[in-house]
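Report on one structure; see the data block that follows.
No hydrogens, no waters, no symmetry mates; every other heavy atom, side chains included, goes into these values. The chains referred to below are lettered A, B, ... by the order of the sequence lines, with proteins before strands, and numbering in each begins at 1.
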2 protein chains.
Amino acid sequence: MKKGRVTIKDIARELNIAPSTVSRALNDHPALKKETKDAVKALAEALDYQPNLLALNLLQKKSNTIGVIVPEITGHFFSAIITGIQDVIVDSEYNIMICLSNESYEEELTIVKRLSKIQIDGVLVAPSSETKNFDHFRRLQKSGIPVVVFDRDCPGLEADKVLVDDYFGAFQAVEYLIGTGCKNIAHLGGPLNLSTTEQRLQGYMDALEKNKVPVNRDYIVHVPGFSHKDAVKATKKLLELQKHPDAIFAYNDKIAISAMHIVKKMGLQIPDEVSVLGFDDEPHSSFITPSLSTVWQPVYSMGMLSARILLSHLNNKNNILDFRKEVFKPELVIRASSKEK
Amino acid sequence: MKKGRVTIKDIARELNIAPSTVSRALNDHPALKKETKDAVKALAEALDYQPNLLALNLLQKKSNTIGVIVPEITGHFFSAIITGIQDVIVDSEYNIMICLSNESYEEELTIVKRLSKIQIDGVLVAPSSETKNFDHFRRLQKSGIPVVVFDRDCPGLEADKVLVDDYFGAFQAVEYLIGTGCKNIAHLGGPLNLSTTEQRLQGYMDALEKNKVPVNRDYIVHVPGFSHKDAVKATKKLLELQKHPDAIFAYNDKIAISAMHIVKKMGLQIPDEVSVLGFDDEPHSSFITPSLSTVWQPVYSMGMLSARILLSHLNNKNNILDFRKEVFKPELVIRASSKEK
DNA sequence: AATGTCTATGCAAAGGTTTGCATTATGAAG
DNA sequence: CTTCATAATGCAAACCTTTGCATAGACATT
């Protein structure tokens with residue numbers, strides 16, 4: 001009979017009416033007679049008519065898709081954020097396209113170009129650790145695409161931002177360690193250039209300073225990347241110092257766990273000889289031995305809020321909304337890898 | 001000046017030629033004069049012309065997008081598979097849409113309808129643990145959309161499949177436990193109805209049988225879902241038996257780690273009093289104490305192969321390719337949570 | 001009877017690109 | 001000078017839907 005799927009024209013021909021009438025019937029246009037509408041709807045149902053969204057996209061010049069750019073998804077952090085995003089977006093008319101930058105500026109650039117080509121409607125992004133220049137995001141904004149930045153800040157970029165108070169989290173963590181009697185607290189920092197790295201380092205330093213603990217530059221080591229190897233190397237550097245630290249505050253749980261591995265391997269007791277404290281509170285962090293003290297972040301909520309903010313922009317194309325900056329408070333979770341007060 | 005983006009018509013008007021000529025120039029049609037092509041290309045470059053993919057999609061009746069349906073991404077397993085998929089697809093012309101079914105048949109159904117509506121070109125799917133009926137996938141196939149199933153089999157569905165030999169992995173694992181002297185080996189099985197659950201259970205049972213160890217029904221407990229709570233409850237049931245097992249072979253690492261937690265809490269030594277063996281080899285499994293013996297699966301490769309198979313179908317629309325069934329061999333990884341032989 | 005009002009529907013354009021077929025122009029062959 | 005072949009380009013349809021404006025018909029008012 002017919003080739004391909006049923007279109008609005010097929011219904012029109014069958015019913016001897018114009019395609020425009022069919023369209024209006026399907027969209028419940030008020031000017032149509034009820035009988036006409038009913039007849040159209042009945043036939044549409046019978047023929048299993050599926051509107052062609054591709055045609056609609058062209059007409060509306062939008063893809064009904066939002067892009068999510070994250071550095072990776074194999075860890076728990078971004079996966080959980082994405083789950084939060086998805087759970088919000090799934091109830092809207094939008095689809096989600098998840099893109100992995102692999103912590104590479106180049107790849108991030110390629111992704112942005114791609115998203116722009118397919119006429120994405122909005123973008124949620126946690127920039128790669130290499131990204132220092134944000135012009136590619138500005139270009140998106142210039143072509144009318146709202147951009148929401150989450151987790152990692154883009155200093156100087158005017159956009160909606162959903163962040164965590166990393167400074168506060170780090171400050172609390174380090175002050176806690178001081179409170180348990182640690183005198184030589186080291187910091188295993190994240191990759192340089194990340195806003196989160198900077199904030200956590202600053203929190204660490206200010207906590208020391210406030211408590212009149214001298215800052216020892218040797219006790220601050222940054223990992224170049226997030227691999228186990230990177231973390232091991234950095235930890236060894238710390239432990240091989242003449243006077244090894246009695247506490248390690250790590251940039252995140254992943255690094256903290258790698259560090260614990262080495263600490264134990266070198267025969268040092270956790271937390272008696274070396275306390276270890278992480279950041280992120282990944283699900284398995286409570287299962288390792290000793291269970292990891294860490295800083296919890298409301299990841300799922302961050303994802304949900306980011307998505308909601310983006311949706312609100314999409315639904316208010318005309319209105320000029322100010323950029324929102326939401327900062328979540330993290331929470332210190334004390335377990336067994338740190339001493340008691 | 002002009003409103004909106006530059007189109008092929010703008011270039012045509014500027015150069016006093018027909019839009020079709022511009023199109024052909026841009027696509028290097030052989031019948032065009034070199035001068036014309038060069039002029040068009042130069043102007044396109046100067047005007048920063050971006051082809052409107054939305055128009056192309058409508059014309060070609062395809063979205064240039066493939067859908068990936070997974071139960072969740074917060075664990076390492078599916079995240080790693082997705083990363084493999086992404087790394088293959090990123091070099092093609094296709095975009096990826098990742099969809100989470102949350103282990104729910106209902107949501108999976110909704111996703112499939114949605115993907116079908118946006119005229120997806122192909123689908124990669126690991127079905128939810130609730131899914132028993134595969135008609136929604138068959139409907140996709142009927143409308144010409146290739147479907148590749150990975151990790152979890154869909155019995156009775158004719159499609160490409162990329163699986164792991166779960167039976168073999170389980171068999172090897174249990175036989176190893178027997179070899180270390182364990183006499184009362186329990187199985188913490190996955191949710192019923194999953195092909196992987198069934199295969200691992202079968203491997204467990206056959207390994208016992210082959211080694212003349214009687215199967216004790218009390219030693220087989222299935223978790224209803226993948227939460228920590230579910231695993232804890234199931235483990236307690238095992239340990240509260242009059243004669244508690246001296247080994248636990250768990251459906252996956254997540255469950256194994258929850259189980260270890262309880263075993264330790266009850267004051268039993270791992271592996272001396274109870275051996276524990278998992279499945280999946282998640283990255284953190286080697287960092288818990290004692291480090292977890294498990295069965296490794298080539299997750300990244302599975303993702304890559306699944307994507308490659310789908311692409312090959314997409315590139316050979318006309319050719320009738322037989323359905324492929326690829327089964328990867330898993331590998332036993334012995335660490336400290338099981339005894340030595 | 002002429003004019004006006006209202007309701008229900010149709011017409012056609014618009015959105016941007018590709019492509020089979022038609023057309024023009026150019027030069028060569030007869 | 002025709003005729004034909006060839007090369008280069010244009011025309012218009014097709015993909016499917018929405019929507020502003022036009023129009024037809026029915027009925028009411030003067």
Side-chain angles (χ1 to χ4, degrees), chain A residues 2-41 43-44 47-65 93 116-121 143-144, chain B residues 2-41 43-44 47-65 93 116-121 143-144:
Chain A
K2 275 149 208 156
K3 40 182 177 176
R5 45 202 286 170
V6 182
T7 77
I8 231 172
K9 287 185 186 173
D10 296 326
I11 300 180
R13 200 177 323 112
E14 194 88 6
L15 256 40
N16 263 320
I17 56 178
S20 50
T21 306
V22 176
S23 169
R24 278 186 266 251
L26 259 17
N27 294 321
D28 261 326
H29 194 283
L32 285 207
K33 254 198 310 201
K34 188 165 181 309
E35 313 159 36
T36 318
K37 282 189 199 175
D38 290 346
V40 169
K41 283 180 187 170
L43 187 58
L47 259 41
D48 188 30
Y49 166 74
Q50 300 283 8
N52 185 330
L53 298 186
L54 264 30
L56 210 55
N57 288 348
L58 174 58
L59 197 61
Q60 298 174 168
K61 297 183 183 205
K62 52 181 278 199
S63 59
N64 277 301
T65 302
E93 80 242 62
S116 167
K117 257 195 188 168
I118 64 166
Q119 257 139 106
I120 208 86
D121 295 327
S143 48
Chain B
K2 274 148 211 157
K3 41 182 177 175
R5 44 201 290 169
V6 182
T7 77
I8 230 171
K9 287 185 185 174
D10 296 326
I11 299 179
R13 200 176 323 111
E14 194 88 8
L15 256 38
N16 264 319
I17 55 178
S20 49
T21 307
V22 177
S23 168
R24 278 187 266 251
L26 261 16
N27 294 322
D28 263 326
H29 194 282
L32 285 206
K33 253 199 309 201
K34 188 167 181 309
E35 312 159 37
T36 319
K37 282 188 197 175
D38 290 346
V40 169
K41 283 180 186 170
L43 188 59
L47 261 41
D48 188 31
Y49 165 74
Q50 301 281 11
N52 186 328
L53 298 185
L54 263 32
L56 209 55
N57 288 348
L58 173 57
L59 195 62
Q60 298 175 169
K61 299 183 182 201
K62 53 180 277 196
S63 60
N64 276 301
T65 302
E93 79 241 63
S116 167
K117 257 195 187 166
I118 64 167
Q119 257 138 105
I120 208 83
D121 295 328
S143 48

message: Base contacts versus sugar-phosphate-only contacts with protein, heavy atoms under 4.0 Å: please encode nucleotides 21-27 of chain D as B, S and - from 5' to 3'.
response: -------
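Using a 4.5 Å heavy-atom cutoff, the side chains of A:Asp48 and A:Val6 are not in contact. Side-chain contact between A:Val22 and A:Leu15: absent, with no pair of heavy atoms (C-beta onward) separated by less than 4.5 Å. Inter-residue side-chain proximity for A:Thr65 and A:Asn57 is flagged as unmet; no heavy-atom pair is nearer than 4.5 Å. At a threshold of 4.5 Å between non-hydrogen side-chain atoms, the residues A:Asn52 and B:Gln119 count as touching.
Atom CD of B:Gln119 is separated from atom P of D:dC16 by 8 Å (rounded to the nearest Å). If you measure from atom NZ of B:Lys9 to atom P of C:dA13, you get 12 Å, rounded to the nearest angstrom. Taking atom CG of residue B:Leu26 and atom C1' of nucleotide D:dT9, one finds them 16 Å apart after rounding to whole Å. Atom CD1 in B:Ile8 sits about 14 Å away from atom C1' in D:dG10, given to the nearest Å. Here the P atom of nucleotide D:dT18 and the CG atom of A:Asp28 are 13 Å apart, to the nearest Å. Straight-line distance from the CD1 atom of B:Ile118 to the P atom of D:dC16: 17 Å, rounded to whole Å. Residue B:Leu15 contributes atom CG, which lies 15 Å from atom C1' of D:dA8 at whole-angstrom precision. Spacing between atom CG of B:Asn52 and atom P of C:dA14 amounts to 16 Å, rounded to whole angstrom units.
Counting non-hydrogen atoms under 4.0 angstrom, A:Ile17 reaches the backbone sugars and phosphates but no base. Within 4.0 Å of A:Leu59, counting heavy atoms only, lies at least one base atom of the nucleic acid. Using a 4.0 Å heavy-atom cutoff across all strands shown, A:Ser23 reaches at least one base atom of the nucleic acid. At the heavy-atom level, A:Asn27 lies under 4.0 Å from the strands shown only through sugar-phosphate atoms.
Every residue meeting the side chain to side chain contact (heavy atoms under 4.5 Å, CB included) condition with A:Ile118, not counting sequence neighbours, appears here in chain and number order: A:Met97, A:Leu115, A:Ile120, B:Leu53, B:Asn95. Considering only residues two or more places apart in sequence or on other chains, A:Pro19 meets the side chain to side chain contact (heavy atoms under 4.5 Å, CB included) condition with A:Ile8, A:Lys9, A:Ala12.
Using a 4.0 Å cut-off, some side-chain N or O of A:Tyr49 falls inside it from OP1 or OP2 of D:dT17. Taking side-chain N and O atoms only, A:Lys61 has a distance below 4.0 Å to OP1 or OP2 of C:dG16.
Evaluation of atom-type donor-acceptor distances gives a pair under 3.5 Å for the side chain of B:Ser20 against the base of D:dC11.
Both B:Asn16 and A:Gln50 lie close to DNA chain D; mapped to their nearest nucleotides by heavy-atom distance, the more 5′-ward contact belongs to B:Asn16. Position along DNA chain C of the nearest nucleotide to B:Leu56 versus A:His29 favours A:His29 as the more 5'-ward residue.
If one axis is set at each end of the helix from C:dA1-D:dT30 to C:dG30-D:dC1 from five pairs, those axes are 90° apart, to 10°.
Pairs passing the salt bridge (Lys or Arg N to Asp or Glu O under 4.0 Å) check and including a residue from residues 20-30 of chain A, sequence neighbours excluded, read A:Asp28-A:Lys37, A:Asp28-A:Lys41.
Within residues 33-41 of chain A, the residues that place at least one heavy atom under 4.0 Å from DNA chain C are, in residue-number order, A:Lys33, A:Thr36.
Residue B:Glu35 qualifies as open at atom CD: its count of foreign heavy atoms under 6.0 Å is 12 or below.
Taking every heavy atom of both residues into account, A:Lys117 and B:Arg5 meet most closely at O-NH2, 4.5 Å. Taking both residues in full, the closest heavy atoms of A:Leu26 and A:Tyr49 are given as CD2-CE2, 3.7 Å, listed atom of the first, atom of the second, then distance. Scanning both residues, B:Ala25 and B:Leu32, for their nearest heavy atoms gives N-CD1, 3.5 Å. Between A:Leu54 and B:Lys61, the closest heavy-atom pair is CD2-C, 4.0 Å.
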